[in-house]
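Everything on this sheet refers to the single structure shown next.
No hydrogens, no waters, no symmetry mates; every other heavy atom, side chains included, goes into these values. Every number for a ligand or one of its atoms is a count from 1 in the order of the listing. Quick caveat, the model's predicted, so the values are computed rather than measured.
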Amino acid sequence: MHRERVSENVYWFQSELYAQVTAGVVAGPQWAVLIDTLATPEETLQIREFIEHELGLQVRYVINTHYHADHTWGNCFFPGATIVSHSLCREFMREKAIASLEVAKKQNPALRQVKIVLPHLTFENGELNLRVGKKNLILSPATGHSSDGISVLVEEDRILFAGDAFMPLPYIVDGNINEIAASIKKIGRMGLENIVQGHGDIVLRGEIEAAVKENLAYISAIRKHVRIALKRKSPLEYLDEVGIEECSKSRVYLGGLAETLHRHNLRALYKAMLENKDTSIDPEE
Ligand SMILES: [Zn+2]
């Protein structure tokens, strides 16, 4: 696991085991806030070790940016903490996580000690503010990767923990392409110092404009290719030939998963456009 100090009392962690998934810590004088957990107990426990022994603090709040396993299955390792999320995150975890954990446990014995802990404190509309020492955290919806997505802005530092609404490769299979385009654009206008992506590396201030442009170009490109596919006799064969480089993306690593995510994006968007779902607004139009 990689660890970095992003600014005073703000730390970042990145998995070396699964898809470069990230988590963050904002430390106060008496307790700490953890933003997401990592995919495996091993790495989540390393974060806990760091907070308890290096910082000398306990975690009082765990914020879940969305319900997916790689961000929430470590909740159980902070039994004294209040888990905070969007109300839909709680709902999705209740409906889906328990069953998918049972399946995952059969394939991966390392998950044996994991239990699903649902969020205790949720919000639906607007923002939720959480004060940690001298810093104000602003939680607000950031959808598109999933409909329960939220981001966490460390207001004083202009650092945004974006969850998976901002990734090196936008991923829309469980979300909506228009919503993710809107989230990416909004993040680009926030005047940030850093974007902490839900996966991958931290985007620095000087890199934000290019990262936003590249992500919007990717969204336009997959939409364009799906439109072409819809007119073909063998649409899926056409889509299988569309490489990630033809969609304005290269050198995306994500622990080796980028190509798979790209394939899933094309298939999911094809299905959504075939069913005439809400997919029509082009971010560059
Ligand atoms: Zn994720």
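The nearest N, O or S atom of H71 is closer to the Zn ion (ligand 1) than 2.8 Å. Residue H199: an N/O/S atom is found under 2.8 Å from the Zn ion (ligand 1).
Taking the six-membered ring wherever Trp is involved, the centroid distance between the rings of Y218 and H262 falls below 6.0 Å.
Here the straight-line distance linking atom OG1 of T122 with atom CD1 of I83 works out to 12.5 Å at 0.5 Å rounding.
The angle subtended at the Zn ion (ligand 1) by OD2 of D70 and OD2 of D164 is 170°, given to the nearest 10°.
Ring geometry for Y11 versus F50: interplanar angle over 60°, hence perpendicular rather than tilted (30 to 60°).
At a threshold of 4.0 Å, the pair E259-R263 counts as salt-bridged, since one of the basic side-chain nitrogens sits closer than that to a carboxylate oxygen.
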